[in-house]
Chemist: 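I have a structure I would like to understand better, so I am pasting it below and will then ask my questions one at a time.
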Amino acid sequence: MLKHKSALLATRLPHYSYQTLLSMWMVHTPVGSDGQGLGSTPFYGLVLTHPQNIDIAADIISEIVTKAKAINPKSKIRGVATNVSNYNGLGNQPQEGYDDLVYVRNLQPLLAAKGINAHFIVDQGRSGNQNYTRDGGDWCNNKRAGFGILPTTKTPDPLIDAIVWAKNGGEADGTSDPTALRFDQACASEFSLQPAPEAGTWFQAYFEQLMVNANPKIPKLL
């Protein structure tokens, strides 16, 4: 299952060359000696949802599959996971490059043309609020985010097998502490909820924000 994860390895800007993007992706793509890692091991991919990059996304996925098949001819991918840890909408975001229903519908024909009949799962765990202007630098602890559509197999397109919550809602994207070893300036930006702890640790205030901004609203637990 392939993932593209927001803002970690590439920008939404379209100026990266194909070889640069491919090399960045391949460095972070574990493929075992039998070629099976491709279909079973999660990995960080690239943000290639910008309309000018979608052809490159299809090329990169195809080349990864080709390289895996060179190791094991039986290698294949089960599908593509999109919007993991991100905030994109699903048929409800008019801003270009920030709606994964549009992305899936545009990417699938490009993959099919390369012999990859992929379906998709789409993360909506933090996509509940689409009523604000997105920015390429808003990936870290986005202070407008809310829990989104609950996990389900009822999706807006047959290409999407399931809507999932892949990212733990209370897990921090990164710390806003400039003295921390893993500090990223994006986590101290105007788009981020602060103060924030280290990436991967529990962020109670952020969890509460996601609950407040959830769409649909999450019923209170008894």
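Sequential numbering from 1 along the given sequence is applied to the chain's residues. None of the values given here were measured: they were computed from a predicted structure.
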Chemist: So, does Q209 use its side chain to make a donor-acceptor pair with the main chain of A145 at under 3.5 Å?
Modeler: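 Checking the backbone N and O of A145 against the side chain of Q209, a donor-acceptor pair under 3.5 Å is found.
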Chemist: So do S127 and N83 actually touch side chain to side chain, heavy atoms under 4.5 Å?
Modeler: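 SC-SC contact between N83 and S127 confirmed.
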Chemist: Please confirm whether the backbone N or O of A58 pairs with a side-chain atom of S62, one donor and one acceptor, at under 3.5 Å?
Modeler: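 The answer is no, because no donor-acceptor pair under 3.5 Å joins these two groups.
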Chemist: Ignoring hydrogens, what is the shortest heavy-atom contact between Y206 and N142? Give both atom names and the distance.
Modeler: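 The answer is OH-O, 3.0 Å.
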Chemist: Determine which pairs satisfy ring pair (Phe, Tyr, Trp, His ring centres under 6.0 Å) with at least one residue from residues 164-192, sequence neighbours left out, and list them in order.
Modeler: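 Only F147-W165 qualify under ring pair (Phe, Tyr, Trp, His ring centres under 6.0 Å).
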Chemist: Give the cluster check for L150 versus V212: same hydrophobic cluster or not, with ILVMFWY residues linked at side-chain heavy-atom distances below 4.5 Å.
Modeler: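 No, separate clusters.
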Chemist: What heavy-atom pair brings Y98 and D135 nearest, and what distance separates the two atoms?
Modeler: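 Looks like OH-C, 3.6 Å.
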Chemist: Once you round to the nearest 0.5 Å, how far does CZ of R126 lie from CG of N213?
Modeler: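 Those atoms lie 12.5 Å apart.
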Chemist: Return yes if some donor-acceptor pair links the side-chain N/O of D99 with the main-chain N/O of P94 below 3.5 Å, else return no.
Modeler: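 Such a contact is absent between D99 side chain and P94 backbone.
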Chemist: Is there side-chain contact between F203 and L193, with at least one heavy-atom pair below 4.5 Å?
Modeler: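 Result yes, sub-4.5 Å side-chain heavy-atom pair found.
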Chemist: First locate atom CG of D100, then atom CD of Q93, and finally report the distance between them rounded to the nearest 0.5 Å.
Modeler: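 Going from the CG atom of D100 to the CD atom of Q93 covers 10.5 Å.
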Chemist: Could you state the interatomic distance from CG (L181) to CD (E198), rounded to the nearest 0.5 Å?
Modeler: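 Spacing of CG (L181) from CD (E198) equals 7.5 Å.
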Chemist: Determine the minimum heavy-atom distance between A57 and Y103, stating which atoms define it.
Modeler: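 Between these two residues, the closest heavy atoms are CB-OH, 4.1 Å.
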Chemist: Quick check: closest heavy atoms across A186 and G137, and the distance to 0.1 Å?
Modeler: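 Smallest interatomic distance, heavy atoms only, reads CB-O, 4.3 Å.
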Chemist: So, the side chain of N92 versus the backbone of L90: is there a donor-acceptor pair under 3.5 Å, distance only?
Modeler: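 Side chain of N92 to backbone of L90: a pair is present.
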Chemist: So how far is it from T155 OG1 to I163 CD1, rounded to the nearest 0.5 Å?
Modeler: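 The distance works out to 6.0 Å.
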Chemist: Side-chain contact test, heavy atoms from C-beta onward, threshold under 4.5 Å: evaluate it for D138 versus Y132 and give yes or no.
Modeler: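 In short, these two side chains touch, coming nearer than 4.5 Å.
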Chemist: Test I160 against every option in V122, I121, T153 by the side-chain contact (heavy atoms from CB on, under 4.5 Å) rule and name the one that passes.
Modeler: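 The single option meeting the side-chain contact (heavy atoms from CB on, under 4.5 Å) with I160 is V122.
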Chemist: In the single-linkage hydrophobic clustering (I, L, V, M, F, W, Y; side-chain heavy atoms under 4.5 Å), do V102 and I61 co-cluster?
Modeler: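 In one cluster with V102: I61, no.
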Chemist: Closer than 3.5 angstrom, by distance alone: can the side chain of N168 be matched with the main-chain N or O of G170 as a donor-acceptor pair?
Modeler: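 No: the side chain of N168 does not pair with the backbone of G170.
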Chemist: Where do P216 and G148 come nearest, in terms of heavy atoms and distance?
Modeler: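 Closest approach of P216 to G148: CD-O, 3.9 Å.
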Chemist: May I ask you to decide if Q194's main-chain N or O and K143's side chain share a donor-acceptor pair within less than 3.5 Å?
Modeler: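 Not a single qualifying donor-acceptor pair exists.
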Chemist: Between Q108 (side chain only) and N117 (backbone N and O only), is there a donor and an acceptor less than 3.5 Å apart?
Modeler: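 Flag not set: sc Q108 to bb N117 has no pair under 3.5 Å.
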Chemist: Please say which of D173, N86, D123 ends up in a side-chain hydrogen bond (donor to acceptor under 3.5 Å, both in side chains) with K167.
Modeler: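 Answer to the side-chain hydrogen bond (donor to acceptor under 3.5 Å, both in side chains) test with K167 among D173, N86, D123: D173.
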Chemist: Show the nearest heavy-atom pair for residues G174 and C140, with the distance to one decimal.
Modeler: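 For G174 and C140, the tightest heavy-atom pair comes out as N-SG, 3.8 Å.
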Chemist: Do side-chain atoms of Q185 reach the backbone of P178 as a donor and acceptor pair under 3.5 angstrom?
Modeler: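 No.
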Chemist: Do the side chains of L111 and V80 get nearer than 4.5 Å, heavy atoms only?
Modeler: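 Heavy-atom side-chain distance check passes, below 4.5 Å.
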Chemist: To the nearest 0.5 Å, tell me how far W139 CH2 sits from D184 CG.
Modeler: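 If I round to the nearest 0.5 Å, the distance is 4.5 Å.
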Chemist: Taking atom CE of M211 and atom CD1 of I218, what is their separation to the nearest 0.5 Å?
Modeler: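 These two atoms lie 4.5 Å from each other.
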Chemist: Can a donor-acceptor pair be found, under 3.5 Å and without considering hydrogens, that links the side chain of T175 to the backbone of A196?
Modeler: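 Side chain of T175 to backbone of A196: a pair is present.
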Chemist: Are the side chains of D59 and K114 in contact, using a 4.5 Å heavy-atom criterion?
Modeler: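 Heavy-atom side-chain distance check passes, below 4.5 Å.
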